[in-house]
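Worksheet: one structure, shown below.
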Amino acid sequence: MEPIPLETVIVDQEIVKELQCGICLQIINKPRQCLQGHLYCLDCISQYLKKSQECPTCRTSLNVEKLSRSLFVERHLRNLNVWCKYHFENKGGGNNNVWEVDEQGCNEILTMENSTRHENTCEYSFEPCKLSSDCGLIRKIQLVDHLEKCPKRPIKCDHCLIEYPFSDIDKHLLECEMIEIQCDKCNTKLLKRDFETHKLNECPNCHVHCPFFDSGCLKMFDRKNLQEHIDKSLGEHLILMKNNYTQSISSLKKDFNQQLKEKDDQIKKLEKVLNDKHEPDTKIEWCVKNYSIAKKKGYIQSEKFVLGGFQWFLGFYTDGDSADSKGYISIYLFLDTHQIPKGKSLALEYYLKFFNHRDPSQSVKKEFRTTFPIKGGRGWGDRKAVKSALLDSSGFIKDDTLLVKAEINVKKTCWSIDQEPDT
Ligand SMILES: [Zn+2]
Ligand SMILES: [Zn+2]
Ligand SMILES: [Zn+2]
Ligand SMILES: [Zn+2]
Ligand SMILES: [Zn+2]
Ligand SMILES: [Zn+2]
Ligand SMILES: [Zn+2]
């Protein structure tokens, strides 16, 4: 807010014109005069003389040295009667410098000289309301009165004992949860905050569903009559529950079977993908060196090899593997049974051949077709593949080495999650 202009506070407004500065037209501040007695503020005339060397009123030649004080005017100014500035009130709303006499204001008349001392302690001076900036400035003398009536003064709610600004208390009373109200159904008096719970769980006159609603009893009662209904309808409720239960189970079963079928289809698809994978053929040439010594052990076994994810080996008995095959070579393809993946089986076509070095067309070739793993056994072959004596002569042995050839084709790889029943 701008300071109040000197012109406003001067009591005798007739004097104002006589004490005006000829340049700024306000009451003279630090008066200086020309030789003809024309009066100006010191600042105003000093500024003016920088551009022009004459009095702006009478045009008499003038410079700063020729200016003189006027003790008369100075004394006159000091003793000038002025209103205390709190005689007025700014009506401009902050920015406009519009001042009007306020009937509520200070009525002291002072001399200019001692006005400041009075104004510093004047009880009509303004102070802000400490409760709210919305109240604006309040005269000191009215402050106590204002605080008692201030719209923002704190006031305690009688129900919850919390303080609210006076202007908000009506709104609060509409919302206060600690106000006592009466239930419209049973006339019980209770706090507003407990009303919801009362209606939901306690009020004897509230209309409620039978607790077996979920099971299909759709009846409604005043809460006070509920127990009677439950006591009377025990059998009815049991039947409802049973039907409900049966329905749930059957729909669960349906869902479960549906899911099972979907999983089954997925597994079948996966099986097909796996089964369609082609296994390359395996060819084996097995040199049995130092045959004349090896055959005395009665059984000769090849190195192990891997095929279709399984481990295999060949083996033959040089004098049969049982009484009725005595005198024959019994030869087999064996599955190394330690490492059979569950649910996997291989359909094989293969031959085992004793190679004749002298005349390959005289080689002994045995062909087989079977599925591994073999039920109740490890290997599949021929227990009377060839007479033992024939191998010892006729060109099968060269440099005491017997050559066994084999070719194994995987016709099909099968996966199944079915567990074979234990037998
Ligand atoms: Zn001036
Ligand atoms: Zn002059
Ligand atoms: Zn005053
Ligand atoms: Zn206030
Ligand atoms: Zn309250
Ligand atoms: Zn009630
Ligand atoms: Zn019921």
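One-based numbering along the sequence shown. First listed ligand is number 1; within each ligand, the first listed atom is number 1.
To the nearest 10 degrees, the Zn ion (ligand 1) sees SG of C44 and SG of C41 at an angle of 110°. The angle subtended at the Zn ion (ligand 3) by SG of C122 and NE2 of H118 is 110°, given to the nearest 10°. Rounded to the nearest 10 degrees, the angle SG (C34) to the Zn ion (ligand 2) to SG (C58) equals 120°.
Between Y317 and I329 the shortest side-chain heavy-atom distance does not fall below 4.5 Å. Within the 4.5 Å cutoff, the side chain of R78 has heavy atoms near those of the E113 side chain. Side-chain contact between C210 and H237: present, with at least one pair of heavy atoms (C-beta onward) separated by less than 4.5 Å.
Side-chain polar atoms of E262 and Q258 form a donor-acceptor pair below 3.5 angstrom.
A salt bridge links K405 with E285: at least one charged nitrogen is closer than 4.0 Å to a carboxylate oxygen.
When distances from the Zn ion (ligand 2) to the N, O or S atoms of H38 are compared, ND1 comes out shortest.
When distances to the Zn ion (ligand 3) are checked against a cut-off of 2.8 Å, C84 contributes an N, O or S atom below that limit.
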